[in-house]
**Q** 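Supplied in structure tokens, the structure appears directly below.
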Amino acid sequence: MGKNSERTEMNGTLSQNDQVRVRMAPSPTGYLHIGGARTALFNWLFAKHHNGKFILRIDDTDTARSTDESMREIYHALKWLGINWDEQYVQSDRKSIYEGYVEQLLESGNAYHCYCTPEELEEIRAQARVDKQTRSYDGRHRHLTSEDVDRFIAEGRKPTVRIKMPDTPIRVDDLILGSRNIDPDTLEDEVIVRSNGMPNYNLTSIIDDAEMQITHVIRGTEHLNNTPKQIAIANALGLNLPQFAHIPLVLDDTGRKLSKRHHGDLVAVNRYREEGYLPEAMLNFVVRLGWSYDDKQEIFSVDELIEKFDLERVGKSGSVFDIKKLEWLNSHYINQLDVAARTDAVMPFWEQEGLVDSNTKRDWLEKIVEAVGERLTTFQDIVPQTRYFFTDDFEYDSKAVKKWWGGSDEKKQKTCEILTNLQQILEEISAFEIETIESAIWKYTDENDIKRVAAMQALRIALTGTSFGPSLFDIVVLLGKDEVLKRIPKAIAHL
RNA sequence: GCCGCUAUCGUCUAGGGGUCAGGACAGAUGGUUCUCAGCCAUCAAACCGGGGUUCGAAUCCCCGUAGCGGUACCA
């Protein structure tokens with residue numbers, strides 16, 4: 001049973017034979033962001049769950065803002081996430097199709113030319129606000145005389161096309177939000193074709209949904225107010241309507257809608273790919289923004305999502321993008337990978353930093369990854385966490401130095417003594433292996449009444465520059481005897 | 001301004017007339033340990049407010065309030 005009984009009543013519209021067809025319709029005006037990725041994912045999961053088709057439609061009717069680069073970014077992000085599409089369309093290729101429908105609208109008297117200038121519209125809007133009007137455009141060019149038209153044309157004005165809104169209420173059924181009736185007085189005659197001849201979103205979207213036989217339009221609630229407009233256009237054209245499902249917005253930590261404009265590439269999917277997040281983690285994270293299965297499960301494989309995803313379990317309120325949760329999921333998925341796979345994933349980050357090249361021994365690298373163990377939140381973490389394996393050109397962390405090497409001369413003296421002794425002990429070990437080293441060091445600390453942690457931390461800082469990291473014995477062995485014996489004197493000199 | 005949507009721990013959410021309001025992330029504490037992470041244990045943390053309906057309301061209804069979205073010749 002769903003959380004909202006209103007929803008189930010509407011599912012009857014979909015008969016057994018109808019194949020589900022859904023679409024993701026981004027406008028190529030920037031990268032794909034977290035919210036867009038979630039819309040894509042919900043659509044894709046819905047299609048997969050119902051054995052239907054997922055269509056990618058590029059809504060690029062805003063030619064001024066659309067770019068090919070952005071289109072490629074979107075493809076790239078989607079592919080990385082594993083969201084593949086069955087069909088693809090680009091609206092700018094379909095201009096003539098829309099023109100046919102506009103013609104039809106004009107001929108049937110459901111649309112008309114509007115010669116208002118942008119300045120004029122600006123004034124109308126300002127006045128409507130002062131008058132506390134519900135709508136701004138008042139339909140003043142609905143009934144122009146031919147003299148008016150001639151005059152406007154003589155002035156060189158290029159018209160837009162506006163749809164005539166009906167004067168009866170429009171019923172909007174939404175699978176998530178339920179049903180409501182829209183008061184026609186709140187609707188104004190929308191521009192459906194710009195003065196430059198390019199059709200607008202509300203027109204092309206609903207035409208394509210019909211043309212492409214889209215059964216379910218799953219999109220963000222920022223489109224909720226567009227829905228009655230699109231329904232009105234479809235009705236005027238005698239087009240079949242899809243079912244609508246408006247999913248709540250993804251918000252930032254102040255509760256505002258995530259957007260490219262306000263959040264920059266902080267919300268770009270590709271950025272997370274570059275930083276070493278796993279697509280599985282991304283998908284798992286994003287799906288839980290607004291959707292839940294029960295009160296137990298947090299981790300879902302893609303197959304499980306396909307099996308379990310359901311619009312009925314999508315909530316109505318917005319959800320905040322919480323990077324901590326993403327990080328948790330990412331480290332979970334990273335830790336599922338075996339050492340070889342983790343090494344592969346981490347390699348580009350090492351190479352990018354110039355730490356590793358084709359001569360570096362794979363075997364050794366895998367051992368480093370193994371030593372790092374479950375400490376990675378993202379793959380790019382490998383760089384700060386392992387840099388010291390590749391170079392002795394690092395700073396000694398000042399806090400660590402103060403705490404473990406000593407703030408006082410007396411303590412420094414002691415540290416110096418310990419490191420000197422350790423150097424000697426390690427020098428005498430010929431078989432440089434964990435067990436041997438461990439027992440030698442424990443023997444030294446225990447016999448000389450030195451705290452294990454003091455000796456180990458002193459050595460750790462000498463070898464790595466920091467006070468934390470993998471098991472120190474692993475580090476010593478991986479660094480190798482020569483390197484270790486070089487770094488200790490260097491540290492002593494630094495004291 | 002106008003139109004609309006929403007409201008459970010800090011965050012994601014479960015529950016939908018009777019529950020000690022459950023889980024997860026984040027946080028705190030303790031244990032394990034050479035450190036960190038991890039792991040284990042424990043703790044803290046919520047039904048926006050006010051009215052109804054009812055034996056009983058977080059749950060149903062109404063009214064507020066707040067937040068957000070839209071308000072383009074963007075999508």
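Note on naming: letters A, B, ... go to the chains in the order of the sequence lines (proteins, then strands), and numbering restarts at 1 for each one.
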**Q** Using the C1' atom in both, what is the distance from B:rG15 to B:rG23, to the nearest Å?
**A**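 Looking at atom C1' only, B:rG15 and B:rG23 are 11 Å apart.
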**Q** Nearest heavy atom decides the nucleotide; on that basis, is A:Leu251 or A:Asn200 closer to the 5' end of RNA chain B?
**A**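 Its nearest nucleotide lies further toward 5', so the answer is A:Leu251.
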**Q** Checking contacts here: which listed nucleotide (B:rG70, B:rC73, B:rC3) is nearest the side-chain heavy atoms of A:Arg125?
**A**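 Output: B:rC73.
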**Q** Which part of the nucleic acid does A:Leu249 contact within heavy-atom distance under 4.0 Å: base, sugar-phosphate only, or nothing?
**A**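 Sugar-phosphate: the residue A:Leu249, judged by heavy atoms under 4.0 Å, touches backbone atoms but no base.
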**Q** Of the listed nucleotides (B:rA75, B:rC73, B:rC25), which one gets closest to any side-chain atom of A:Trp328?
**A**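 Closest nucleotide to the A:Trp328 side chain: B:rC25.
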**Q** According to a strict under-4.0 Å criterion, is A:Asn226 in side-chain N/O contact with OP1 or OP2 of B:rG70?
**A**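 Checking B:rG70 against A:Asn226, no side-chain N or O comes under 4.0 Å of OP1 or OP2.
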**Q** So is A:Arg460 actually on top of A:Trp404's ring, under 6.0 Å and inside 45° of the axis?
**A**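 No; the conditions do not both hold, so A:Arg460 does not lie above the ring face of A:Trp404.
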**Q** Mind checking the C1' distance from B:rU11 to B:rA46? Whole angstroms is fine.
**A**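 12 Å, rounded to whole Å.
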**Q** Can you confirm whether or not the ring centre of A:His223 sits under 6.0 Å from the ring centre of A:Tyr201?
**A**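 Between A:Tyr201 and A:His223, which both carry aromatic rings, the centre distance is below 6.0 Å.
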**Q** Using purine N1 to pyrimidine N3 plus N6-O4 or O6-N4 for Watson-Crick, or N1-O2 and O6-N3 for G-U wobble, each under 3.5 Å, what pairs with B:rA58?
**A**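 Across any shown strand, B:rA58 pairs with none.
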**Q** Counting only Watson-Crick pairs (N1-N3 plus N6-O4 or O6-N4) and G-U wobbles (N1-O2, O6-N3), all under 3.5 Å, who is the partner of B:rC68?
**A**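 Pair assignment: B:rC68 / B:rG4.
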**Q** Mapping A:Phe321 and A:Leu258 to their closest nucleotides on RNA chain B, which lands nearer the 5' end?
**A**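 It is A:Phe321 whose nearest nucleotide is closer to the 5' end.
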**Q** Within less than 4.0 Å of OP1 or OP2 of B:rG38, is there a side-chain N or O belonging to A:Asn335?
**A**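 No, A:Asn335 has no side-chain N/O under 4.0 Å of OP1/OP2 on B:rG38.
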**Q** Can you tell me, in whole Å, how much space there is between the C1' of B:rA57 and that of B:rG50?
**A**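 That atom pair is separated by 14 Å.
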**Q** Return the value, rounded to whole Å, for the distance between atom NZ of A:Lys296 and atom P of B:rG23.
**A**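 Going from NZ in A:Lys296 over to P in B:rG23 covers 8 Å.
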**Q** Does a side-chain N or O of A:Ser292 approach OP1 or OP2 of B:rA14 to a distance below 4.0 Å, or not?
**A**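 Affirmative; the distance criterion is met.
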**Q** Quick one: does A:Glu120's side chain get under 4.5 Å of A:Arg157's, heavy atoms only?
**A**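 Of all side-chain heavy-atom pairs linking A:Arg157 with A:Glu120, at least one is under 4.5 Å.
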**Q** Between A:Gln127 (side chain) and A:Ile124 (backbone), is there a donor-acceptor pair under 3.5 Å?
**A**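 No, because the side chain of A:Gln127 does not come within donor-acceptor range (under 3.5 Å) of the backbone of A:Ile124.
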**Q** Just N and O in the side chain of A:Lys325: are any of them under 4.0 Å from OP1 or OP2 of B:rU13?
**A**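 So the side chain of A:Lys325 is outside the cut-off, no N or O lying under 4.0 Å from OP1 or OP2 of B:rU13.
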**Q** If B:rU53 has a Watson-Crick or G-U wobble mate with both distances under 3.5 Å, name it; if not, just say none.
**A**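 Here B:rU53 is not engaged in any pair, so there is no nucleotide opposite it.
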**Q** Quick one: label A:Thr134 by what it contacts on the DNA or RNA (base, sugar-phosphate, nothing), any heavy atom closer than 4.0 Å.
**A**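 Sugar-phosphate only.
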**Q** Compare the minimum distances between each of B:rC34, B:rC68, B:rG4 and the side chain of A:Arg256, then state the nucleotide with the smallest one.
**A**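 For the A:Arg256 side chain, the nearest candidate turns out to be B:rC68.
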**Q** Under a 4.0 Å N-O cut-off, is there an ion pair linking A:Lys308 with A:Asp310?
**A**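 So A:Lys308 does not pair with A:Asp310 through a salt bridge.
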**Q** Where the side chain of A:Val320 is defined as all heavy atoms beyond and including C-beta, which of B:rC73, B:rU11, B:rC34 is the nearest nucleotide?
**A**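 So the side chain of A:Val320 is nearest to B:rU11.
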**Q** How long is the line joining CD1 of A:Ile247 and P of B:rC5, in whole Å?
**A**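 In whole Å, B:rC5 P and A:Ile247 CD1 are 18 Å from each other.
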**Q** What's the closest nucleotide to the side chain of A:Leu121 if the choices are B:rC3, B:rC25, B:rC73?
**A**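 Between B:rC3, B:rC25, B:rC73, the one nearest the side chain of A:Leu121 would be B:rC73.
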**Q** Starting from P on B:rA75, measure out to CG on A:Asn202 and report it in whole angstrom.
**A**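 So the CG-P distance, A:Asn202 to B:rA75, works out to 8 Å.
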**Q** Quick check for you: among B:rC2, B:rA72, B:rG70, whose closest atom lies nearest to any side-chain atom of A:Lys132?
**A**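 Looking only at side-chain atoms, A:Lys132 lies closest to B:rC2.
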**Q** Roughly how many Å is it from CG in A:Leu376 to P in B:rC36, rounded to a whole number?
**A**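 Computing the A:Leu376:CG to B:rC36:P distance gives 18 Å.
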**Q** For the pair made of NZ in A:Lys257 and C1' in B:rG67, what is the distance, rounded to whole Å?
**A**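 Taking atom C1' of B:rG67 as the reference, NZ of A:Lys257 is at 16 Å.
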**Q** Could you work out the separation of B:rU71 and B:rG64 based on their C1' atoms and round it to a whole Å?
**A**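 Nearest-Å result for B:rU71 against B:rG64 at atom C1': 25 Å.
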**Q** Measuring from the side chain of A:Leu177 (C-beta onward, heavy atoms only), which nucleotide among B:rC73, B:rC34, B:rU6 has the closest atom?
**A**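 The answer is B:rU6.
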**Q** How is A:Pro26 classified with respect to the nucleic acid when contacts are heavy atoms under 4.0 Å: base, sugar-phosphate, or nothing?
**A**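 It contacts nothing in the nucleic acid.
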**Q** Should A:Thr61 be listed as having a side-chain N or O under 4.0 Å from OP1 or OP2 of B:rA75?
**A**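 For B:rA75, OP1/OP2 do have a side-chain N/O of A:Thr61 under 4.0 Å.
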**Q** Please confirm whether A:Trp328 and A:Tyr277 have ring centers closer than 6.0 angstrom.
**A**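 Here the rings of A:Tyr277 and A:Trp328 have centres that are no less than 6.0 Å from each other.
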**Q** Taking the six-membered ring for Trp, are A:Phe309 and A:Trp291 ring centroids under 6.0 Å apart?
**A**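 For A:Phe309 and A:Trp291, the ring centres are under 6.0 Å apart.
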**Q** Looking at every strand, decide which applies to A:Glu298 at a 4.0 Å heavy-atom threshold: base, sugar-phosphate, or nothing.
**A**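 Counting heavy atoms under 4.0 Å across all strands, the contact made by A:Glu298 includes a base.
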**Q** Given the P atoms of B:rG18 and B:rC36, what is the spacing between them in whole Å?
**A**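 These two P atoms come out 47 Å apart once rounded.
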**Q** Go ahead and name the base partner of B:rU35; Watson-Crick or wobble counts if both distances stay under 3.5 Å, otherwise write none.
**A**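 Pairing partner: none.
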**Q** Under 4.0 angstrom, heavy atoms only, what part of the nucleic acid is A:Gly255 near: base, sugar-phosphate, or nothing?
**A**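 Since only primed, P, OP1 and OP2 atoms lie under 4.0 Å of A:Gly255, the category is sugar-phosphate.
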**Q** Classify A:Cys116 by what it touches in the nucleic acid, base, sugar-phosphate, or nothing, heavy-atom distance under 4.0 Å.
**A**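 Answer is base: heavy atoms of A:Cys116 come under 4.0 Å of a base.
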**Q** Base, sugar-phosphate or nothing for A:Leu459? Non-hydrogen atoms, less than 4.0 Å.
**A**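 A:Leu459: no heavy atom of the nucleic acid under 4.0 Å.
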**Q** Considering every strand and a 4.0 Å limit on heavy-atom distances, what is the contact class for A:Arg452: base, sugar-phosphate, or nothing?
**A**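 Counting heavy atoms under 4.0 Å across all strands, the contact made by A:Arg452 is with sugar-phosphate only.
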**Q** If you look at every strand shown and take non-hydrogen atoms under 4.0 Å, does A:Gly290 touch a base, only sugar-phosphate, or nothing?
**A**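 Sugar-phosphate contact only.
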**Q** Please confirm whether A:Arg387 makes a cation-pi placement over A:Phe389, using NZ or CZ under 6.0 Å from the six-membered ring centre and within 45° of the ring normal.
**A**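 Here A:Arg387 fails the 6.0 Å and 45° test against A:Phe389.
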**Q** Whether A:Arg135 contacts B:rG70 is assessed here as follows: a side-chain N or O lying under 4.0 Å from the phosphate OP1 or OP2. Is that the case?
**A**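 Indeed not, no polar side-chain atom of A:Arg135 lies that close.
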**Q** Can you tell me, in whole Å, how much space there is between the P of B:rU8 and that of B:rU13?
**A**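 Comparing P positions in B:rU8 and B:rU13 gives a spacing of 9 Å.
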**Q** Between A:Asp381 and A:Arg375, does any side-chain N to carboxylate O distance fall below 4.0 Å?
**A**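 No, this pair does not count.
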**Q** What's the CZ-P distance between A:Phe473 and B:rU35, to the nearest Å?
**A**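 Rounded to the whole Å, the gap is 11 Å.
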**Q** Side-chain N or O of A:Arg313 less than 4.0 angstrom from OP1 or OP2 on B:rG15?
**A**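 Answer yes for this pair, as a side-chain N or O of A:Arg313 is under 4.0 Å from OP1 or OP2.
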**Q** Taking the P atom of each, how far is B:rG22 from B:rC48, in whole Å?
**A**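 My reading of the P atoms in B:rG22 and B:rC48 gives 16 Å.
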**Q** Has A:Lys316 got a side-chain N or O lying under 4.0 Å from the OP1 or OP2 atom of B:rU6?
**A**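 Answer is yes, contact under 4.0 Å.
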**Q** Counting the atoms with a prime plus P, OP1 and OP2 as sugar-phosphate, which does A:His223 contact under 4.0 Å by heavy atoms, base, sugar-phosphate, or nothing?
**A**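 Contact class for A:His223: base.
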**Q** Say you pick atom C1' in B:rC9 and the same atom in B:rG4; how far apart are they, in whole Å?
**A**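 After rounding to an integer number of Å, I get 29 Å for this pair.
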**Q** Indicate, with a heavy-atom threshold strictly under 4.0 Å, whether A:Ser317 touches base, sugar-phosphate, or nothing.
**A**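 Sugar-phosphate: the residue A:Ser317, judged by heavy atoms under 4.0 Å, touches backbone atoms but no base.
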**Q** How would you label the contact of A:Tyr293 with the nucleic acid (heavy atoms, under 4.0 Å): base, sugar-phosphate, or nothing?
**A**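 The residue A:Tyr293 makes no contact with any strand.
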**Q** Both distances under 3.5 Å, Watson-Crick or G-U wobble: report the partner of B:rA41, or none.
**A**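 Matched B:rA41 with B:rU29 under the 3.5 Å cut-off.
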**Q** How many whole angstroms separate atom NZ of A:Lys229 from atom P of B:rC74?
**A**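 Rounded to the whole Å, the gap is 12 Å.
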**Q** Taking only the side-chain nitrogens and oxygens of A:Arg194, find out if one of them lies under 4.0 Å from OP1 or OP2 of B:rC74.
**A**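 So the side-chain polar atoms of A:Arg194 do come within 4.0 Å of the phosphate oxygens OP1 or OP2 of B:rC74, strictly under.
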**Q** Identify the nucleotide, in any strand shown, that forms a Watson-Crick or G-U wobble pair with B:rU19, with both distances under 3.5 Å; if there is none, say none.
**A**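 Pair assignment: B:rU19 / none.
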**Q** Send over the distance from A:Asn225 CG to B:rU6 C1', rounded to a whole Å.
**A**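 Between C1' of B:rU6 and CG of A:Asn225: 13 Å.
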**Q** What is the nucleic acid contact for A:Ser319, judged by heavy atoms within less than 4.0 Å: base, sugar-phosphate only, or nothing?
**A**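 The answer is sugar-phosphate, as A:Ser319 gets under 4.0 Å only of primed atoms, P, OP1 or OP2.
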**Q** Taking the six-membered ring for Trp, is the centroid-to-centroid distance between A:His141 and A:Phe152 below 6.0 Å?
**A**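 Aromatic pair counts; centres sit under 6.0 Å.
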